[in-house]
Amino acid sequence: MINEENLQLFKALSEDTRYRIIKALIESECTCGENKYGIKGEICACEIPEIIGKTQSNTSMHLAKLQDWGIIKVRKEGKKRLYSIKNEKIRRILEVLEE
């Protein structure tokens, strides 16, 4: 029996842009102090393309897919959309990969 959640996690990590987004979100949790929006571990959608070196439209498409798969979550603050990691498995997978 195939676990759909696990397949989605590996699909997310197998594509360069999605991998970079996930890494950026996880790394933002490790930085000292809070970000300029006051929450540690969240990145504004407007900052992610610059961080990962991709276009806004390309990044938005991948953010939507990661959110649909339940890997990341979004919180709205005024006009800003702040993204963070939702699925704990993705953290554990990356920890193992980086050993």
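All values below come from the heavy atoms of this structure, side chains included, with hydrogens, waters and symmetry mates left out. Throughout, residue positions are numbered sequentially from 1 according to the sequence presented.
The shortest side-chain heavy-atom distance between Tyr83 and Ile43 does not fall under the 4.5 Å cut-off.
With sequence neighbours excluded, no residue forms a salt bridge (charged side-chain N to carboxylate O under 4.0 Å, His left out) with Arg92.
Hydrophobic clustering (side-chain heavy atoms under 4.5 Å, transitive across Ile, Leu, Val, Met, Phe, Trp, Tyr) keeps Phe10 apart from Tyr19. Cluster annotation: Leu97 is connected to Ile85 through the hydrophobic network of ILVMFWY side chains, with a link wherever side-chain heavy atoms come within less than 4.5 Å.
Taking every heavy atom of both residues into account, Asn87 and Gly70 meet most closely at CB-O, 3.5 Å. Residues Ser84 and Gly41 approach most closely at CB-O, 3.3 Å, considering heavy atoms.
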Given the rule in the salt bridge (Lys or Arg N to Asp or Glu O under 4.0 Å) test, do Lys80 and Glu77 qualify, once you have shown the distances and angles that lead to the verdict? CA-CA 5 Å; Lys80 293 178 177 38; Glu77 187 174 294; over 6 Å; no

One pair to check against salt bridge (Lys or Arg N to Asp or Glu O under 4.0 Å): Lys65 and Glu15. What are the steps and the verdict? CA-CA 12 Å; Lys65 183 59 80 175; Glu15 201 285 324; over 6 Å; no

Worked verdict on Leu13 versus Leu94 for side-chain contact (heavy atoms from CB on, under 4.5 Å): CA-CA 9 Å; Leu13 292 172; Leu94 284 176; 3.9 Å; yes

Test side-chain contact (heavy atoms from CB on, under 4.5 Å) on Glu5 and Lys89; report intermediate values, then the result. CA-CA 10 Å; Glu5 178 190 10; Lys89 280 185 179 180; 3.4 Å; yes

Given salt bridge (Lys or Arg N to Asp or Glu O under 4.0 Å), test Arg91 with Glu95 step by step and report yes or no. CA-CA 6 Å; Arg91 280 190 190 91; Glu95 285 173 11; over 6 Å; no

Working note: Gln8 + Asp68, criterion side-chain hydrogen bond (donor to acceptor under 3.5 Å, both in side chains); need CA distance, chi angles, decisive distance, verdict. CA-CA 10 Å; Gln8 290 168 343; Asp68 288 346; over 6 Å; no

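For the atom pair Cys44 SG and Arg75 CZ, the distance stands at 10.5 Å (nearest 0.5 Å). The CG atom of Leu9 sits 4.5 Å away from atom CD1 of Ile93, with the distance rounded to the nearest 0.5 Å. From Ile48, atom CD1 reaches atom CD1 of Ile72 across 6.5 Å, with rounding to the nearest 0.5 Å. Rounded to the nearest 0.5 Å, atoms CG (Leu66) and CD1 (Ile21) are 5.5 Å apart. One distance of note links CD1 of Ile71 with CD1 of Ile90; it measures 5.0 Å at 0.5 Å rounding. Taking NZ of Lys79 as the start and SG of Cys46 as the end, the distance is 12.5 Å to the nearest 0.5 Å.
Under a 3.5 Å cut-off, the side chain of Arg18 and the backbone N or O of Lys11 do form a donor-acceptor pair.
Dense packing is recorded around NZ of Lys54, with more than 12 heavy atoms of other residues, nucleotides or ligands lying under 6.0 Å away. Counting heavy-atom neighbours within 6.0 Å of Glu98 CD, excluding the residue itself, gives a total above 12.
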